[in-house]
Number of protein chains: 2
Amino acid sequence: MPRDVFSALADPTRRQVLDLLSRQERAAGELGRAFPHISQPGISRHLRVLREAGLVHVRQDRRNRFYSLRSERLAEVDAWIAKYRGFWAAELDSLEAYLDARKRSATRGGR
Amino acid sequence: MPRDVFSALADPTRRQVLDLLSRQERAAGELGRAFPHISQPGISRHLRVLREAGLVHVRQDRRNRFYSLRSERLAEVDAWIAKYRGFWAAELDSLEAYLDARKRSATRGGR
DNA sequence: ACAATATATATCAAACTGGTTATGTATGTC
DNA sequence: GACATACATAACCAGTTTGATATATATTGT
(Lines give C-alpha, C1' and ligand atoms only; values in the text may rest on other atoms or scores of the structure.)
Protein backbone atom coordinates (compact mmCIF):
# COMPACT_ATOMS: atom_id res chain seq x y z
CA MET A 1 0.00 0.00 0.00
CA PRO A 2 2.75 2.47 0.71
CA ARG A 3 3.76 4.31 -2.41
CA ASP A 4 7.08 5.81 -3.28
CA VAL A 5 6.97 9.59 -2.97
CA PHE A 6 9.25 10.18 -5.93
CA SER A 7 7.12 8.15 -8.30
CA ALA A 8 3.99 9.86 -6.98
CA LEU A 9 5.61 13.16 -7.95
CA ALA A 10 6.60 11.86 -11.37
CA ASP A 11 3.20 12.72 -12.83
CA PRO A 12 2.61 16.39 -13.75
CA THR A 13 -1.11 16.22 -12.96
CA ARG A 14 -0.36 15.07 -9.43
CA ARG A 15 2.17 17.84 -8.97
CA GLN A 16 -0.49 20.33 -10.06
CA VAL A 17 -2.90 18.86 -7.55
CA LEU A 18 -0.37 19.44 -4.81
CA ASP A 19 0.09 22.98 -6.05
CA LEU A 20 -3.64 23.53 -5.71
CA LEU A 21 -3.62 22.07 -2.22
CA SER A 22 -0.68 24.19 -1.14
CA ARG A 23 -3.00 27.20 -0.87
CA GLN A 24 -5.94 25.53 0.82
CA GLU A 25 -7.77 22.25 1.23
CA ARG A 26 -10.16 21.35 -1.58
CA ALA A 27 -12.93 18.86 -2.21
CA ALA A 28 -12.22 16.06 -4.68
CA GLY A 29 -14.79 17.41 -7.09
CA GLU A 30 -13.27 20.85 -7.04
CA LEU A 31 -9.89 19.35 -7.86
CA GLY A 32 -11.44 17.37 -10.66
CA ARG A 33 -12.96 20.47 -12.22
CA ALA A 34 -9.46 21.95 -12.38
CA PHE A 35 -8.61 19.25 -14.95
CA PRO A 36 -11.44 19.28 -17.48
CA HIS A 37 -9.52 17.01 -19.84
CA ILE A 38 -9.41 14.18 -17.28
CA SER A 39 -12.42 12.14 -16.21
CA GLN A 40 -13.66 12.00 -12.63
CA PRO A 41 -12.36 8.47 -12.00
CA GLY A 42 -9.06 9.54 -13.50
CA ILE A 43 -8.60 12.25 -10.91
CA SER A 44 -9.88 9.96 -8.20
CA ARG A 45 -7.07 7.57 -8.95
CA HIS A 46 -4.46 10.30 -8.92
CA LEU A 47 -5.78 11.25 -5.50
CA ARG A 48 -5.45 7.66 -4.40
CA VAL A 49 -1.81 7.59 -5.44
CA LEU A 50 -1.15 10.79 -3.51
CA ARG A 51 -2.91 9.30 -0.50
CA GLU A 52 -0.90 6.09 -0.64
CA ALA A 53 2.27 8.12 -0.86
CA GLY A 54 1.23 9.99 2.26
CA LEU A 55 1.30 13.29 0.42
CA VAL A 56 -2.28 14.26 1.19
CA HIS A 57 -4.79 13.87 3.97
CA VAL A 58 -8.53 13.35 3.50
CA ARG A 59 -11.30 14.66 5.65
CA GLN A 60 -14.86 13.53 5.12
CA ASP A 61 -17.47 16.21 5.53
CA ARG A 62 -21.04 15.35 4.61
CA ARG A 63 -20.96 14.35 0.97
CA ASN A 64 -17.54 15.85 0.34
CA ARG A 65 -14.03 14.53 0.76
CA PHE A 66 -11.68 17.39 1.44
CA TYR A 67 -8.05 16.85 0.51
CA SER A 68 -5.23 18.74 2.16
CA LEU A 69 -1.47 18.71 1.85
CA ARG A 70 0.75 16.66 4.15
CA SER A 71 4.17 18.19 3.95
CA GLU A 72 6.16 15.56 5.85
CA ARG A 73 6.86 13.40 2.83
CA LEU A 74 7.78 16.40 0.73
CA ALA A 75 10.29 17.20 3.45
CA GLU A 76 11.86 13.80 2.76
CA VAL A 77 12.26 14.68 -0.89
CA ASP A 78 13.69 18.01 0.09
CA ALA A 79 16.17 16.23 2.37
CA TRP A 80 17.30 14.11 -0.57
CA ILE A 81 17.87 17.12 -2.77
CA ALA A 82 19.56 18.96 0.07
CA LYS A 83 22.57 16.73 -0.47
CA TYR A 84 23.00 18.29 -3.90
CA ARG A 85 22.28 21.84 -2.90
CA GLY A 86 25.96 22.66 -2.64
CA PHE A 87 26.30 22.15 -6.38
CA TRP A 88 24.50 25.26 -7.43
CA ALA A 89 26.08 27.72 -5.04
CA ALA A 90 24.32 30.81 -6.35
CA GLU A 91 20.87 29.51 -5.54
CA LEU A 92 22.10 28.36 -2.16
CA ASP A 93 23.29 31.84 -1.37
CA SER A 94 19.92 33.29 -2.33
CA LEU A 95 18.20 30.79 -0.07
CA GLU A 96 20.59 31.81 2.64
CA ALA A 97 19.62 35.42 2.08
CA TYR A 98 15.98 34.45 2.32
CA LEU A 99 16.58 32.66 5.60
CA ASP A 100 18.46 35.63 6.95
CA ALA A 101 15.58 37.89 6.05
CA ARG A 102 13.18 35.45 7.62
CA LYS A 103 15.29 35.39 10.77
CA ARG A 104 15.32 39.16 11.01
CA SER A 105 11.54 39.41 10.65
CA ALA A 106 10.89 36.53 13.04
CA THR A 107 8.87 37.91 15.93
CA ARG A 108 9.40 34.83 18.08
CA GLY A 109 6.78 32.12 17.55
CA GLY A 110 5.85 33.48 14.17
CA ARG A 111 4.35 30.90 11.67
CA MET B 1 14.46 12.82 -26.54
CA PRO B 2 14.16 15.23 -23.63
CA ARG B 3 13.10 13.39 -20.52
CA ASP B 4 11.16 14.67 -17.57
CA VAL B 5 13.43 15.15 -14.58
CA PHE B 6 10.83 14.06 -12.06
CA SER B 7 10.20 10.75 -13.79
CA ALA B 8 13.93 10.20 -14.15
CA LEU B 9 14.17 10.56 -10.38
CA ALA B 10 11.25 8.18 -9.84
CA ASP B 11 13.53 5.15 -9.99
CA PRO B 12 15.53 4.34 -6.83
CA THR B 13 18.46 2.88 -8.78
CA ARG B 14 18.83 6.11 -10.72
CA ARG B 15 18.74 8.13 -7.51
CA GLN B 16 21.50 5.93 -6.12
CA VAL B 17 23.54 6.51 -9.27
CA LEU B 18 23.24 10.24 -8.73
CA ASP B 19 24.28 9.76 -5.12
CA LEU B 20 27.41 7.98 -6.32
CA LEU B 21 28.12 10.74 -8.81
CA SER B 22 27.64 13.45 -6.21
CA ARG B 23 31.04 12.61 -4.74
CA GLN B 24 33.00 12.20 -7.96
CA GLU B 25 32.70 11.24 -11.60
CA ARG B 26 32.69 7.53 -12.31
CA ALA B 27 33.05 5.22 -15.30
CA ALA B 28 29.94 3.37 -16.47
CA GLY B 29 31.45 0.05 -15.50
CA GLU B 30 32.27 1.23 -12.02
CA LEU B 31 28.67 2.35 -11.60
CA GLY B 32 27.46 -1.00 -12.87
CA ARG B 33 29.54 -2.88 -10.32
CA ALA B 34 27.78 -0.93 -7.59
CA PHE B 35 24.57 -2.75 -8.55
CA PRO B 36 25.45 -6.43 -8.77
CA HIS B 37 21.80 -7.44 -9.04
CA ILE B 38 21.35 -5.49 -12.27
CA SER B 39 22.89 -6.47 -15.59
CA GLN B 40 25.31 -4.28 -17.51
CA PRO B 41 22.75 -3.31 -20.17
CA GLY B 42 20.30 -2.55 -17.39
CA ILE B 43 22.59 0.05 -15.87
CA SER B 44 23.47 1.34 -19.32
CA ARG B 45 19.83 2.14 -19.92
CA HIS B 46 19.43 3.84 -16.57
CA LEU B 47 22.38 6.00 -17.54
CA ARG B 48 20.70 6.78 -20.82
CA VAL B 49 17.58 7.97 -19.01
CA LEU B 50 19.69 10.19 -16.77
CA ARG B 51 21.46 11.54 -19.83
CA GLU B 52 18.20 12.30 -21.63
CA ALA B 53 16.94 14.08 -18.54
CA GLY B 54 20.07 16.21 -18.55
CA LEU B 55 21.02 15.01 -15.10
CA VAL B 56 24.43 13.70 -16.04
CA HIS B 57 27.25 14.52 -18.40
CA VAL B 58 29.43 12.00 -20.18
CA ARG B 59 33.08 12.30 -21.00
CA GLN B 60 34.81 9.76 -23.18
CA ASP B 61 38.33 8.85 -22.10
CA ARG B 62 40.04 6.03 -23.88
CA ARG B 63 37.84 3.00 -23.47
CA ASN B 64 35.85 4.50 -20.62
CA ARG B 65 32.82 6.72 -20.45
CA PHE B 66 32.96 8.83 -17.34
CA TYR B 67 29.68 10.07 -15.99
CA SER B 68 29.39 13.17 -13.85
CA LEU B 69 26.55 15.03 -12.22
CA ARG B 70 24.85 18.01 -13.88
CA SER B 71 23.13 19.89 -11.11
CA GLU B 72 21.10 22.37 -13.15
CA ARG B 73 18.10 20.12 -13.57
CA LEU B 74 18.15 19.15 -9.92
CA ALA B 75 17.95 22.86 -9.20
CA GLU B 76 14.66 22.87 -11.09
CA VAL B 77 13.29 20.18 -8.82
CA ASP B 78 14.56 22.08 -5.84
CA ALA B 79 12.76 25.17 -7.11
CA TRP B 80 9.52 23.23 -7.26
CA ILE B 81 9.86 22.00 -3.71
CA ALA B 82 10.91 25.42 -2.53
CA LYS B 83 7.27 26.49 -2.82
CA TYR B 84 6.43 24.03 -0.07
CA ARG B 85 9.39 24.69 2.16
CA GLY B 86 7.41 26.93 4.47
CA PHE B 87 5.24 23.99 5.46
CA TRP B 88 7.74 22.19 7.64
CA ALA B 89 9.20 24.96 9.76
CA ALA B 90 11.28 22.71 12.00
CA GLU B 91 13.30 21.26 9.14
CA LEU B 92 13.75 24.72 7.76
CA ASP B 93 15.32 25.80 11.00
CA SER B 94 17.77 22.90 10.89
CA LEU B 95 18.69 23.84 7.35
CA GLU B 96 19.22 27.33 8.60
CA ALA B 97 21.57 26.00 11.25
CA TYR B 98 23.43 24.12 8.54
CA LEU B 99 23.79 27.24 6.45
CA ASP B 100 25.03 29.17 9.44
CA ALA B 101 27.65 26.52 10.10
CA ARG B 102 28.60 26.61 6.44
CA LYS B 103 28.94 30.35 6.58
CA ARG B 104 31.18 30.19 9.62
CA SER B 105 33.46 27.54 8.09
CA ALA B 106 33.56 29.19 4.69
CA THR B 107 37.24 29.78 3.99
CA ARG B 108 36.58 31.74 0.81
CA GLY B 109 36.39 29.60 -2.33
CA GLY B 110 35.67 26.42 -0.45
CA ARG B 111 33.15 24.43 -2.59
C1' DA C 1 44.38 -9.63 -37.71
C1' DC C 2 42.68 -11.44 -33.30
C1' DA C 3 41.22 -11.32 -28.74
C1' DA C 4 39.84 -8.71 -24.75
C1' DT C 5 37.68 -4.79 -22.59
C1' DA C 6 34.12 -1.23 -22.11
C1' DT C 7 29.82 0.17 -23.20
C1' DA C 8 25.68 0.77 -26.07
C1' DT C 9 21.65 -0.97 -28.72
C1' DA C 10 18.05 -4.55 -30.18
C1' DT C 11 14.57 -7.39 -28.91
C1' DC C 12 11.28 -9.48 -26.01
C1' DA C 13 8.34 -10.54 -21.90
C1' DA C 14 6.42 -9.06 -17.60
C1' DA C 15 4.91 -5.44 -14.90
C1' DC C 16 3.30 -0.86 -14.33
C1' DT C 17 0.76 3.60 -15.90
C1' DG C 18 -2.77 6.49 -17.04
C1' DG C 19 -6.74 6.92 -19.28
C1' DT C 20 -11.63 5.32 -20.26
C1' DT C 21 -16.43 3.49 -19.33
C1' DA C 22 -19.36 1.11 -16.21
C1' DT C 23 -20.72 0.34 -11.62
C1' DG C 24 -20.83 0.67 -6.53
C1' DT C 25 -21.62 3.14 -2.17
C1' DA C 26 -22.82 6.78 0.79
C1' DT C 27 -25.20 10.93 1.62
C1' DG C 28 -28.69 14.28 0.77
C1' DT C 29 -33.38 15.96 -1.29
C1' DC C 30 -38.29 15.59 -2.58
C1' DG D 1 -38.86 5.12 -1.78
C1' DA D 2 -37.04 7.41 -5.85
C1' DC D 3 -33.65 10.35 -7.52
C1' DA D 4 -29.52 13.29 -7.52
C1' DT D 5 -24.86 14.33 -5.89
C1' DA D 6 -20.07 13.19 -4.66
C1' DC D 7 -16.86 10.17 -4.84
C1' DA D 8 -14.48 5.50 -5.12
C1' DT D 9 -13.56 1.02 -7.22
C1' DA D 10 -13.60 -2.51 -11.10
C1' DA D 11 -12.52 -3.95 -15.50
C1' DC D 12 -10.23 -3.05 -19.51
C1' DC D 13 -6.83 -1.30 -22.92
C1' DA D 14 -2.78 1.01 -25.06
C1' DG D 15 1.55 2.64 -24.20
C1' DT D 16 5.69 2.73 -21.35
C1' DT D 17 9.12 0.87 -18.24
C1' DT D 18 12.40 -2.40 -16.53
C1' DG D 19 14.74 -6.37 -16.52
C1' DA D 20 17.05 -10.08 -19.23
C1' DT D 21 19.82 -12.14 -23.10
C1' DA D 22 21.99 -11.56 -27.30
C1' DT D 23 24.48 -8.65 -30.30
C1' DA D 24 26.90 -4.60 -32.10
C1' DT D 25 30.59 -1.07 -31.86
C1' DA D 26 34.71 1.02 -30.47
C1' DT D 27 39.17 0.93 -28.35
C1' DT D 28 43.32 -1.29 -26.72
C1' DG D 29 46.71 -4.99 -26.31
C1' DT D 30 49.39 -8.84 -28.51
Side-chain angles (χ1 to χ4, degrees), chain A residues 1-21 24-70 73 77, chain B residues 1-21 24-70 73 77:
Chain A
M1 308 301 155
R3 280 259 184 175
D4 176 51
V5 181
F6 283 90
S7 31
L9 294 180
D11 185 90
T13 302
R14 289 195 288 267
R15 289 198 299 275
Q16 282 185 252
V17 168
L18 294 181
D19 283 340
L20 287 169
L21 294 180
Q24 61 195 276
E25 70 168 8
R26 291 177 197 272
E30 189 186 353
L31 291 170
R33 266 170 262 122
F35 304 90
H37 58 297
I38 302 183
S39 67
Q40 178 264 315
I43 294 295
S44 190
R45 274 215 324 196
H46 280 305
L47 291 174
R48 190 225 269 256
V49 172
L50 290 173
R51 250 185 290 133
E52 290 176 349
L55 285 164
V56 296
H57 173 254
V58 206
R59 176 176 67 85
Q60 180 99 28
D61 180 76
R62 322 268 276 168
R63 276 191 287 193
N64 301 300
R65 309 198 81 193
F66 285 96
Y67 281 83
S68 55
L69 187 67
R70 288 191 71 180
R73 319 311 299 276
V77 175
Chain B
M1 306 304 160
R3 281 260 183 175
D4 176 50
V5 180
F6 283 91
S7 29
L9 294 180
D11 185 273
T13 302
R14 288 195 290 266
R15 289 198 299 276
Q16 281 185 251
V17 167
L18 293 180
D19 283 342
L20 287 170
L21 295 181
Q24 60 195 277
E25 71 168 5
R26 291 175 197 271
E30 188 185 352
L31 291 169
R33 266 170 262 123
F35 304 91
H37 57 296
I38 302 184
S39 68
Q40 178 265 316
I43 293 294
S44 189
R45 275 217 323 198
H46 279 306
L47 291 174
R48 189 225 270 255
V49 171
L50 291 172
R51 249 185 290 133
E52 290 176 350
L55 286 164
V56 295
H57 173 255
V58 207
R59 175 177 68 85
Q60 181 98 29
D61 180 76
R62 321 268 279 167
R63 277 192 286 196
N64 301 299
R65 309 197 78 186
F66 284 96
Y67 282 83
S68 55
L69 187 67
R70 287 191 71 180
R73 319 310 300 276
V77 176

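Values reported hereafter were calculated over all heavy atoms of this structure, with side chains retained and with hydrogens, waters and symmetry mates removed. Here is the naming used below: chain letters follow the sequence lines, and residue numbers restart at 1 for every chain.
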Peer 1: So B/Y67, base contact, sugar-phosphate only, or nothing? Heavy-atom distance under 4.0 Å.
Peer 2: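 Answer is sugar-phosphate: B/Y67 comes under 4.0 Å of backbone atoms only.
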Peer 1: With no hydrogens and no angle check, just 3.5 Å: does a side-chain donor-acceptor pair link A/R14 and A/H46?
Peer 2: yes
Peer 1: What is the distance, to the nearest angstrom, from the CZ atom on B/R59 to the C1' atom on C/dA6?
Peer 2: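 For the pair B/R59 CZ and C/dA6 C1', the rounded distance is 15 Å.
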Peer 1: On DNA chain D, check which nucleotide each of B/G42 and A/A27 is closest to and give me the residue with the more 5' one.
Peer 2: A/A27
Peer 1: Examine C/dG19: is either OP1 or OP2 under 4.0 Å from a nitrogen or oxygen in the side chain of A/H37? Give yes or no.
Peer 2: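 The answer is no; no side-chain N or O of A/H37 sits under 4.0 Å from OP1 or OP2.
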Peer 1: Return the value, rounded to whole Å, for the distance between atom CZ of A/F35 and atom C1' of C/dG19.
Peer 2: 15 Å
Peer 1: Give the first and the last nucleotide of DNA chain D, reading 5' to 3', that has any atom under 4.0 Å from a heavy atom of chain B.
Peer 2: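 The footprint of chain B covers D/dT17 to D/dT28.
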Peer 1: Do nucleotides 23-30 of chain C as a string where each nucleotide becomes B, S or -: B if the base has a protein heavy atom under 4.0 Å, S if just the sugar-phosphate does, - if no protein is that close.
Peer 2: ----BS--
Peer 1: Just the rounded figure in Å: distance from P of C/dT5 to CG of B/N64.
Peer 2: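 Interatomic distance, CG of B/N64 to P of C/dT5: 13 Å.
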Peer 1: Under 4.0 Å between any heavy atoms, over every strand shown, what does B/R48 touch: base, sugar-phosphate, or nothing? Just pick one.
Peer 2: sugar-phosphate
Peer 1: Please give, in whole Å, the distance from C/dA15 P to B/D11 CG?
Peer 2: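 Computing the B/D11:CG to C/dA15:P distance gives 17 Å.
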Peer 1: Just by modelled atom types, is the A/V58 backbone N or O under 3.5 Å from a matching donor or acceptor in the A/R65 side chain?
Peer 2: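 Not at all, since once roles are kept as given, no pair shorter than 3.5 Å links the two residues.
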Peer 1: Write down the atom of B/L47, the atom of B/V17, and the distance for their closest heavy-atom approach.
Peer 2: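 Distance-wise, the nearest heavy atoms are CD2-CG1, 4.0 Å.
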Peer 1: Specify the separation, in whole Å, of atom CG of B/L47 and atom P of C/dA6.
Peer 2: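 Taking CG of B/L47 and P of C/dA6, I get 15 Å after rounding.
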Peer 1: May I have the distance from A/I38 (atom CD1) to C/dT17 (atom P), rounded to whole angstrom?
Peer 2: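 These atoms are roughly 16 Å apart.
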Peer 1: Checking the side chain of A/N64 only, and the main-chain atoms of A/F66 only, is there a donor and an acceptor separated by less than 3.5 Å?
Peer 2: no
Peer 1: Between B/R15 (side chain only) and B/L9 (backbone N and O only), is there a donor and an acceptor less than 3.5 Å apart?
Peer 2: yes
Peer 1: Quick one: which of A/E30, A/E25, A/R51 gives a side-chain hydrogen bond (donor to acceptor under 3.5 Å, both in side chains) with A/Y67?
Peer 2: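 Result: among A/E30, A/E25, A/R51, A/R51 is the only option passing the side-chain hydrogen bond (donor to acceptor under 3.5 Å, both in side chains) with A/Y67.
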Peer 1: Rounding to a whole Å, what distance do you find between A/H46:NE2 and C/dG18:P?
Peer 2: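 Going from A/H46 (NE2) to C/dG18 (P), I get 6 Å.
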Peer 1: Does CZ in B/R48 sit with more than 12 non-hydrogen atoms of other residues, nucleotides or ligands closer than 6.0 Å?
Peer 2: no
Peer 1: Test B/L50 against every option in B/L21, B/D11, B/L55 by the side-chain contact (heavy atoms from CB on, under 4.5 Å) rule and name the one that passes.
Peer 2: B/L55
Peer 1: Looking at every strand, decide which applies to B/R14 at a 4.0 Å heavy-atom threshold: base, sugar-phosphate, or nothing.
Peer 2: sugar-phosphate
Peer 1: Distance-only, no hydrogens or angles: does the B/R26 side chain make a donor-acceptor pair with backbone N or O of B/L20 under 3.5 Å?
Peer 2: yes
